[in-house]
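Beneath this line is the structure, given in structure tokens, with notes to follow.
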Amino acid sequence: MAFTYRGVHSIQIDPSNKFAFIPHIAGNDPNLILQFKFNEANGHLSPNILTGHSKRDAGPRLFCFHPNLDVLYFCNQEGAASQPII
């Protein structure tokens, strides 16, 4: 089991099936995108690195992977903008 803040909207495993990305929207917790290691054999998540912070009150929410590059795009719920995470 992995620690997350309140405000989790979704979780998505990357195309390599090695990492999980979880966006958190604010409230009293930070706007950020967490990355976890994903164990395909048992389905467990373990902490990896802090992937990136969104702009204050931006609320990272929806995201998708670039089909050919190692890039993850996030759409910010509150800030009406997108941001790449490379």
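These numbers come from the heavy atoms of this one structure, side chains and all, not from hydrogens, waters or symmetry mates.
- Side chain of Asp14 to main chain of Phe19: a donor-acceptor pair is present (N/O by atom type, distance under 3.5 Å, no hydrogens or angles).
- Between Phe21 and Phe65, the gap from one ring centroid to the other is short of 6.0 Å.
- Taking NZ of Lys37 as the reference point, atom NE2 of His44 lies at 15.5 Å (rounded to 0.5 Å).
- With sequence neighbours left out, the side chain to side chain donor-acceptor pair (under 3.5 Å) criterion links Asn39 to no other residue.
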(message) Quick one, Leu45 with Ile22, criterion side chain to side chain contact (heavy atoms under 4.5 Å, CB included). Give me CA distance, side-chain angles, the key distance, then yes/no.
(response) CA-CA 11 Å; Leu45 299 177; Ile22 303 174; 4.3 Å; yes

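- Looking at every heavy atom in both residues, Phe63 comes nearest to Pro23 through CE2-CD, 3.6 Å.
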